[in-house]
There are 2 protein chains.
Amino acid sequence: MIAEKVSEKTIRRLSHYARCLRLAKLKGESIVTSRQLASNCGISSAAVRRDLSIYGEFGKQGSGYNVDDLLVNLEKILGTTDPPPVIIIGAGSIGCALMVSGLNGTGGYSYEAIFDIDPGKIGKLCGESPIRSAEEIHGVIKDNHEVIAVIAVTRGAGQAALDLLIQAGCKAVLSFTLEPLKVPEDIEVRYVEVSTELDVLTHSMRRKERDPAMPKWSHS
Amino acid sequence: MIAEKVSEKTIRRLSHYARCLRLAKLKGESIVTSRQLASNCGISSAAVRRDLSIYGEFGKQGSGYNVDDLLVNLEKILGTTDPPPVIIIGAGSIGCALMVSGLNGTGGYSYEAIFDIDPGKIGKLCGESPIRSAEEIHGVIKDNHEVIAVIAVTRGAGQAALDLLIQAGCKAVLSFTLEPLKVPEDIEVRYVEVSTELDVLTHSMRRKERDPAMPKWSHS
DNA sequence: TTGTGATTGTGAATACTATCACAAATCAGA
DNA sequence: TCTGATTTGTGATAGTATTCACAATCACAA
Ligand SMILES: NC(=O)c1ccc[n+]([C@@H]2O[C@H](COP(=O)([O-])OP(=O)(O)OC[C@H]3O[C@@H](n4cnc5c(N)ncnc54)[C@H](O)[C@@H]3O)[C@@H](O)[C@H]2O)c1
Ligand SMILES: NC(=O)c1ccc[n+]([C@@H]2O[C@H](COP(=O)([O-])OP(=O)(O)OC[C@H]3O[C@@H](n4cnc5c(N)ncnc54)[C@H](O)[C@@H]3O)[C@@H](O)[C@H]2O)c1
């Protein structure tokens, strides 16, 4: 486990491998080959082996990888052996749906609490969790030194929510807002943007119409 | 507009630029520089210019880009001048939340219909849209030659939903399921995976703890 | 023990992407 | 009209990522 500089793309794929391994485990499989992982993730087997070889030698020539061992190692690499708690800020349609849907089967994550600023919502239930006042976030993050926050507030309130989280000591954020946020250097923010995915799909679809010679992407 | 092979990464950024331009338009700005776009998207101005130069010369040296013109051109490139309708399959927590939340301000997309197979749900309202039987998808896709489908069905039913969509002639899909799907060559499927984003965030957070010398990502 | 078939890990080659840095073009003001 | 301050578009370069292809290794059966 040396790993100087690893690309985000590789980390994404490791997460994917881990998910496949959990599934394989459920199906009772005890070994898996790079080719199987590759086909489940839509990439080449060489890419799988290359990704894993960055961190060590986890396989056995001739047979493949032990499912349990590889999963443990991947979780060690990702840091998800003991995953941090996740909180949601913004108890609107999206926030509540995420809370209700939950994070079962995603490797140990779970939503610990949901917050809002609307006094009319505070105290009401979202699934089985009471909606708490956004002012309480400060305390909750202090209690859980490490926490990931999901921002699902009204359009336009994204920066305010982010600032509140940062002030409370949060270092990792997943945002569903579409505004460009001002993010300090030491905070990691990632985005979920349905409309960008739609743009990518539209572009691909309309391009194929014009040029049916399926050139797919120049590179994944 | 030559563009032989363009990476998905570039397309994603173009989508991002388009979003920034819509915002700039709302704010009444009529020109924008590559540096402004860059700072809103968290990349370098050279990258912005490089991306745009793939498709033509849209700017004016010394001043920048005309907001309206560039937006029109980006939409032409993305194929979103007249965006395809979007449908949702699976009227559970996530599907309904997406429907209710809508796609306002995302460049013309809108959810046209939502489908489910649960007879207890069919006919009920999801926001203002009636939940329709999944059997009707066939007709709806025939009517709208081009359509993007969002899959938000129960875990385990993803492949069934995808197969139904493909049979109905759908070519572009955005899936919220976490299962590895078997996808034919001519169908484009993209995924929204909160748990992968959480893994990336966790990895980054835990890595910084061990090595506070902030090496961020090796790229992007 | 030896042979057979499968699979890993990786050097080398290829392909792709980002960054640098500057000439050419534009504008505003003297 | 001329000057200086900007900003674009892009050749050239540096840096990353992916693919190829194969020696090394292992499981197992004869
Ligand atoms: N990224 C995507 O793919 C995607 C998809 C759909 C919606 N969205 C976005 O998700 C966000 C939420 O959408 P929604 O339909 O759930 O909105 P909503 O209006 O239903 O809910 C927003 C909630 O946030 C609360 N809120 C507002 N400001 C807050 C603050 N500063 N702190 C805490 N809570 C606050 C409001 O009281 C409200 O309950 C919107 O920004 C929307 O644009 C994103
Ligand atoms: N990708 C993510 O980030 C993310 C986040 C949360 C949930 N999810 C996933 O989203 C999916 C939906 O979650 P949810 O909480 O809304 O589930 P849910 O159980 O609330 O709703 C699922 C709905 O799908 C319907 N359905 C089942 N099979 C169907 C079929 N073949 N055709 C049409 N409709 C069908 C069910 O009747 C139900 O109404 C799940 O797979 C979940 O794992 C993904």
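Sequence lines set the chain letters: A, B, ... in the order given, protein chains first and strands last, and positions in each chain run from 1. Just so it is clear, the model here is predicted, and its values are computed rather than measured.
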Response to the item:
B:I31 atom CD1 is separated from C:dT26 atom C1', nearest whole Å, by 11 Å
Practice prompt. Kindly determine whether B:R49 and B:S45 satisfy side chain to side chain donor-acceptor pair (under 3.5 Å), including the steps that lead there.
Written response: CA-CA 6 Å; B:R49 295 198 298 277; B:S45 67; 3.2 Å; yes
Worksheet item: What are the two closest non-hydrogen atoms of A:S34 and A:V48, and how far apart are they?
Response: O-CG2, 3.9 Å
Worksheet item: Checking all strands, does B:S45 fall into the base, sugar-phosphate, or nothing category for heavy-atom contacts under 4.0 angstrom?
Response: nothing
Fill in: Interatomic distance where CD belongs to B:Q36 and C1' belongs to D:dT8 [whole Å]
14 Å
Fill in: Opposite nucleotide pairing with D:dT7, Watson-Crick or G-U, both atom distances under 3.5 Å
C:dA24
Discussion item. For a quick test of reading the model: is some side-chain N or O of B:Y65 closer than 4.0 Å to OP1 or OP2 of D:dT6?
Written reply: no
Worksheet item: Just how far, in rounded Å, is C1' of D:dT7 from CD of B:E57?
Response: 13 Å
Could you list, one pair per line, each protein nitrogen or oxygen that sits under 3.5 Å from a nitrogen or oxygen of nucleotides 1-3 of chain C, together with the distance?
none

Worksheet entry | Distance in angstrom units between B:I54 CD1 and C:dT17 C1', rounded | 10 Å
N/O donor-acceptor pairs under 3.5 Å from side chains in residues 20-32 of chain B, not counting sequence neighbours:
| unit_1 | atom_1 | unit_2 | atom_2 | d |
| --- | --- | --- | --- | --- |
| B:R22 | NH2 | B:E75 | OE2 | 3.3 |

Discussion item. Ignoring hydrogens, what is the shortest heavy-atom contact between B:L74 and B:A18? Give both atom names and the distance.
Written reply: CD1-N, 3.7 Å
Discussion item. Any carboxylate oxygen within less than 4.0 angstrom of a Lys/Arg side-chain nitrogen, looking at A:E188 and B:R207?
Written reply: no
Item to complete: Write down the atom of A:H203, the atom of B:Y55, and the distance for their closest heavy-atom approach.
Response: CE1-OH, 4.2 Å
Discussion item. Counting only side-chain nitrogens and oxygens, does B:T33 get under 4.0 Å of the OP1 or OP2 atom of D:dT7?
Written reply: no
Discussion item. For a quick check, with a 4.0 angstrom heavy-atom cut-off, what is the B/S/- contact string for nucleotides 19-30 of chain D, read 5' to 3'?
Written reply: B-B--BBBS---
Item to complete: Return the value, rounded to whole Å, for the distance between atom CG of A:L70 and atom C1' of C:dG9.
Response: 14 Å
Worksheet item: Where do B:I137 and B:A168 come nearest, in terms of heavy atoms and distance?
Response: CG2-CB, 4.0 Å
Worksheet, complete the sentence: note: B:N66, atom CG; D:dT7, atom P; distance rounded to Å ~ 16 Å
Discussion item. Hydrogens and angles aside, do B:Q159 and B:D163 bring a side-chain donor and acceptor to less than 3.5 Å of each other?
Written reply: yes
Discussion item. Can you measure A:D69 atom CG to C:dT8 atom P for me and round it to whole angstrom units?
Written reply: 15 Å
Worksheet entry | Shortest non-hydrogen separation from A:R19 to B:S195 and the atoms involved | NH2-OG, 3.3 Å
Fill in: For atom CG of B:L52 and atom P of D:dT10, their distance in whole Å
11 Å
